[in-house]
Chemist: 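Structure below; questions to follow.
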Amino acid sequence: MKKWVSAVMVGLVVVAWGLAGGITPAWADKEINFGFLNALTGPAAPWGIPQDRCLRIAADRINEEGGIKIKGETYKWKIFSYDHKYVPGEAVKALNKAIFSDKVQFVNVLGGSCLLACMPLLKTNNILSMNSAVGGKNTTNPDNPMVFRHNPILETAYSAVWPFLQKREGGFKTVAVLNPDDETGRDGMHAAQFVAKVAHVTIVAEEFFQRGTKDFSAVLTRVIAKKPDLIDTGYTDPTSQALILKQARELGYKGKIHLAWGPNPKQVLEIAGPLAEGVFLGTTVPEPQTDLQKDLYKRFLKQYPANEWNPNYYSNYGLLFGLTKAIEKAQSLDPNKVAGALENLTWEGSFGPNSFGGMKLYGIKRQILFPANLCEIKQGKLIWLMAAPLAKGILD
């Protein structure tokens, strides 16, 4: 009897030690490490913080609902976050840590310039990345089959939004485009030039500025002198978009303004106040509409204060659902097999059905496709205007 009790006690000690980290029990779920190289501080933090949180909420949901099944084994997502401050050099440091210390198997890099800086490391280590980044053909091309872009691009947004605004607002013929002076901003300018030809619009001003700029008066004085019908902020970060809006109105600009890329409506109203009246906001919605949006908002409220919510939370919620589906379809964690499954996949994202395209523009299907949204601020409230399907012939 004493020997039996002793054996049981020894067994319990071994199990407890294993659970504490000494060993991994054979019955324990395995983990898939996902690294998010992100801007948690700095002017792009209004993008980064919501995206980081919603990625974690998605991981929790997938894990709660049974995880990822591969050949009879169960895997759970484990998220690692790194603050690169939207600085390319910091992104490279973070990626080194992610790959060699934290052993991540998949990553997301925020920002085109940061992604470009990380490309050599990603390619050398054959890491599949699902990025919140632009960069045009420099990042998306047949030589980079492991690089997917999970955020939409201005080519698709402009091709839906500009014609809509032309029809709704009685037409506009001239536009001024402002972008940050980096790879992301230059890609935004190329997108405007590309769609201007399709929409029969003349670009009368192309302006670049340094990220972190607070005073846009010199840039805007030059822009307003060209008398554009529309000022478009391209791939400008949320804080700078709100400042551009406020300062353009203070300088007397009366035309239309389109904050094109992931603005935070609450921040726009806080910075611009009454001057925000009539501004158009792209890639955003005023309140949860789809089932996935409603699910995210409900889960968000369980973890965070309601006053911290903004529509930028939607952008990455569908990412892990798509990657999970691709892994299960491939029945493998081999990045090449997962990429093959992912490029032909359709799954439900925050704004509707998600799939990858871009063959016509990039020569490879690595660019996310889903409907483009547009809102307007009226009497201090965000009003939803449309969710337009992507214009045919732009990407594929």
Chemist: Indicate, with yes or no, if the rings of Y313 and F300 have centres closer together than 6.0 Å.
Modeler: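 Yes: the rings meet the under 6.0 Å criterion.
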
Chemist: Is the shortest distance from a Lys or Arg side-chain nitrogen in R61 or E65 to a carboxylate oxygen in the other one below 4.0 Å?
Modeler: yes

Chemist: Can you confirm whether K173 is buried at NZ, in the sense that more than 12 heavy atoms of other residues, nucleotides or ligands lie under 6.0 Å from that atom?
Modeler: no

Chemist: Checking Q267 against T239: is there a side-chain donor and acceptor pair closer than 3.5 Å?
Modeler: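 Present: a donor and an acceptor within the cut-off.
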
Chemist: Kindly say whether P145 contributes a backbone atom to a donor-acceptor pair with the side chain of R366 at under 3.5 angstrom?
Modeler: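 Indeed, once roles are kept as given, a pair shorter than 3.5 Å links the two residues.
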
Chemist: Measuring from atom CG of L122 to atom CG of N131, what distance do you get when rounded to the nearest 0.5 angstrom?
Modeler: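 Separation between the atoms: 7.0 Å.
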
Chemist: For W309 together with Y304, are the ring centres under 6.0 Å from each other?
Modeler: no

Chemist: Kindly indicate, with the supporting measurements, whether the criterion salt bridge (Lys or Arg N to Asp or Glu O under 4.0 Å) is fulfilled by K381 and E376.
Modeler: CA-CA 8 Å; K381 294 183 179 181; E376 182 180 15; over 6 Å; no

Chemist: Quick check for you: to the nearest 0.5 Å, what is the distance between N96 atom CG and L121 atom CG?
Modeler: 4.5 Å

Chemist: For E206, is there an ion pair with K226 - N to carboxylate O distance below 4.0 angstrom?
Modeler: no

Chemist: Has the side chain of S332 got a donor or acceptor atom that lies under 3.5 Å from a matching backbone atom of K337?
Modeler: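 Not a single qualifying donor-acceptor pair exists.
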
Chemist: Under 4.0 Å between a side-chain nitrogen and a carboxylate oxygen: does that hold for D60 and R56?
Modeler: no

Chemist: Is the backbone N or O of K137 less than 3.5 Å from a side-chain atom of T140, with the two atoms forming a donor-acceptor pair by type?
Modeler: no

Chemist: I need the minimum non-hydrogen distance between A260 and T283, along with the two atoms involved.
Modeler: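 Here A260 and T283 meet closest at O-OG1, 3.8 Å.
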
Chemist: Could you tell me whether a side-chain N or O of N33 sits under 3.5 Å from a main-chain N or O of D102, the two making a donor and an acceptor?
Modeler: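 Flag set: sc N33 to bb D102 pair under 3.5 Å.
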
Chemist: Should we count NZ of K329 as having more than 12 external heavy atoms under 6.0 Å?
Modeler: yes

Chemist: Any side-chain donor-acceptor pair under 3.5 Å between Y86 and N38?
Modeler: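 Note: Y86 and N38 side chains miss the donor-acceptor criterion.
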
Chemist: Within the 3.5 Å criterion, strictly below it, is a donor on S315 or W47 matched to an acceptor on the partner's side chain?
Modeler: no

Chemist: Shortest non-hydrogen contact from T284 to P311?
Modeler: OG1-CB, 2.8 Å

Chemist: Has D182 got a side-chain atom pairing as donor or acceptor with G185's backbone, closer than 3.5 angstrom?
Modeler: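 Yes.
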
Chemist: When you check the side-chain N and O atoms of K266 and N307, is any donor under 3.5 Å from an acceptor?
Modeler: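 K266 vs N307: no donor-acceptor pair found between side chains.
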
Chemist: Not counting sequence neighbours, which residues clear side-chain hydrogen bond (donor to acceptor under 3.5 Å, both in side chains) with S217? List them please.
Modeler: D215

Chemist: Heavy atoms only: give me the nearest A45-P50 pair and the separation to one decimal.
Modeler: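 Nearest heavy atoms, A45 then P50: O-CD, 3.6 Å.
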
Chemist: Without swapping roles, check the side chain of Q331 against the backbone of K71 for a donor-acceptor pair under 3.5 Å.
Modeler: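 Present.
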
Chemist: How long is the gap from CD1 on I231 to CG on L245, to the nearest 0.5 Å?
Modeler: 9.5 Å

Chemist: Do you know the tightest heavy-atom contact between L115 and V134?
Modeler: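 The answer is CD2-O, 4.4 Å.
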
Chemist: Quick one: do K256 and D229 make a salt bridge, cutoff under 4.0 Å?
Modeler: no

Chemist: Once rounded to the nearest 0.5 Å, what's the spacing between atom CG of L269 and atom CD1 of I377?
Modeler: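 The distance works out to 4.0 Å.
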
Chemist: Below 4.5 Å, heavy atoms only, C-beta onward: do T174 and L230 meet side chain to side chain?
Modeler: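 T174 vs L230: side chains apart.
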
Chemist: Using side-chain heavy atoms (C-beta onward) and a distance below 4.5 Å, is E287 in contact with Y297?
Modeler: no

Chemist: Could you check whether Q241 and T233, counting side-chain N and O atoms only, form a donor-acceptor pair closer than 3.5 Å?
Modeler: yes

Chemist: Taking all heavy atoms of I271 and all of A242, pick out the closest pair and write down the distance.
Modeler: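 Here I271 and A242 meet closest at CD1-CB, 3.6 Å.
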
Chemist: Look at the rings of F172 and W162 and say which category their plane angle falls in: under 30° parallel, 30 to 60° tilted, over 60° perpendicular.
Modeler: perpendicular

Chemist: Contact between D237 and S240 at the side-chain level, heavy atoms closer than 4.5 Å - yes or no?
Modeler: yes

Chemist: Please confirm whether the ring centroid of F34 lies under 6.0 Å from the ring centroid of F106.
Modeler: no

Chemist: Would you find a donor on one side and an acceptor on the other, under 3.5 Å apart, between the side chain of S101 and the backbone of A98?
Modeler: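 No; zero donor-acceptor contacts below 3.5 Å.
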
Chemist: Between R249 and E277, does at least one N-O distance fall below 4.0 Å, as a salt bridge requires?
Modeler: no

Chemist: Locate the shortest heavy-atom distance separating Y317 from R299; write the atom from each residue and the value.
Modeler: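 It is OH-CD, 3.5 Å.
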
Chemist: Within the 3.5 Å criterion, strictly below it, is a donor on W384 or N373 matched to an acceptor on the partner's side chain?
Modeler: yes

Chemist: Just how far is it from atom SG of C118 to atom NE2 of H84, taken to the nearest 0.5 Å?
Modeler: 7.5 Å

Chemist: Verify the distance criterion only: is there a donor paired with an acceptor across the side chains of R149 and S132 at less than 3.5 Å?
Modeler: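 R149 vs S132: no donor-acceptor pair found between side chains.
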
Chemist: Is a side-chain N or O of N63 found less than 3.5 angstrom from the main chain of W77, in a donor-acceptor match?
Modeler: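 Yes; judged by distance alone, with no hydrogens or angles, the pair exists.
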
Chemist: Would you check if the distance from the ring center of W261 to the ring center of Y235 is below 6.0 Å?
Modeler: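 When the ring centroids of W261 and Y235 are compared, they turn out to be within the sub-6.0 Å range.
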
Chemist: Given side chains that start at C-beta, do those of D52 and L55 come closer than 4.5 Å, heavy atoms only?
Modeler: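 Contact flag for D52/L55 side chains = no.
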
Chemist: Are the aromatic rings of F216 and F209 close, with centres under 6.0 Å apart?
Modeler: yes

Chemist: When you compare the side chain of T236 with that of L259, does any pair of heavy atoms fall below 4.5 Å?
Modeler: no

Chemist: Is the distance between the ring centroids of F356 and F148 under 6.0 Å?
Modeler: yes

